[in-house]
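Computed from a prediction, not measured in an experiment: that's the story for all the values here. When a ligand or atom number is given, it counts from 1 through the structure's own listing order.
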Amino acid sequence: MPVLCIRHDASLHHDTGFWHPERPERIRAIESALSTAAFQNLLRVEAPLATREHLLLVHPERYIRWLESNRPADQLIAVDGDTMMSPGTWEAALRAVGAAVLAVDEVMKGPSRRVFCAMRPPGHHAEPERAMGFCLFNQAAIAAFHARQTHGVERVAVVDFDVHHGNGTQAAFWNEKTFVYASTHQMPLFPGTGDPSERGAHDNILNVALPPGAGGKEFRAIFESAIIPCLENLRPDLLIVSAGFDAHRADPLGNLNLVEDDFAYATRLLMEQADKWSEGRLVSILEGGYDLDALGKSVAAHVKMLMEG
Ligand SMILES: [Zn+2]
């Protein structure tokens, strides 16, 4: 069963400025880590451009038009406190969404059942009408709605192990009875949402917060005691992973202490759930991860696990 990695050079042309942690070198670090012999069977696919219809699955026309009208010709602009646009951003953002949509199409038709989208900018902070936290469009949410609209998929789970809470995905899923958003994240931390009391209109949101300083032991425990039972309860037809690697102990933006093995462990549990409920269909979408060495090693551990079994 081939595992796909969707990528595109456009991810390298989204310039955020020399000081910014969400930078093109992240993709170079990932591609370098995935260039060893262990990944020679990983199939690389180029990300297509998303269509307007894909964006509209989550984002209203007025937001898309506003963002598009901000496209700079020759400079950097901020569309939010820390969310930048450069001349290359629009294409990068459209291809990041296009990758997530293609990933859904691929796992639905097979033979590939597991896909990793190695794209930037990330997406889980993007709310339907608001760019924030380095994110413009919400790839994970768009992937879920695309699965419903195009493939008739009823139950979708997005599991998000980025160190930050995915406020955008939560907002997009809030009223969706058959879509579950389950997140592990550090609290307190940006963006400030993700309290366990935030549960969605249909009890379809699960937020499990970890205190600063928590490590693999605590992370594995909440995965086993909360995230997995949530998936057992939903029995998702498709599993989407918001794969952020900034809960790594070396990451400069978070204060959790995970190591590569912890990401591999979570990946294995998620694969077991996908095998159990969704014929193995698992779409993994890169979110955060800002220490280049830790990011490369963590993605390698994640993808290596996806290639097993
Ligand atoms: Zn993050």
### Query
Do any of the N, O or S atoms of His164 sit under 2.8 Å from the Zn ion (ligand 1)?
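Yes, within the cut-off.
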### Query
Would you say Glu287 has an N, O or S atom lying under 2.8 Å from the Zn ion (ligand 1)?
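No - counting backbone and side chain alike, Glu287 has no N, O or S atom under 2.8 Å.
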### Query
Rounded to the nearest 0.5 Å, how far does CZ of Arg44 lie from CG of Leu34?
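The CG atom of Leu34 sits 6.0 Å away from the CZ atom of Arg44.
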### Query
Atom OG1 in Thr178, atom CZ in Arg148: separation rounded to 0.5 Å?
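One gets 4.5 Å once the value is rounded to the nearest 0.5 Å.
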### Task
Scan side-chain atoms only and decide if His146 and Asp105 contain a donor-acceptor pair under the 3.5 Å cut-off.
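The answer is yes; a qualifying pair exists.
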### Task
Report the name of the N/O/S atom of Asp162 located nearest to the Zn ion (ligand 1).
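Going by distance to the Zn ion (ligand 1), the closest N, O or S atom in Asp162 is OD1.
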#### Entry: For the Zn ion (ligand 1), the closest N/O/S atom belonging to Asp246
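Nearest to the Zn ion (ligand 1) within Asp246's N, O and S set: OD2.
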### Query
Shortest non-hydrogen contact from Leu136 to Tyr63?
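Smallest heavy-atom distance, with atoms named: O-OH, 2.7 Å.
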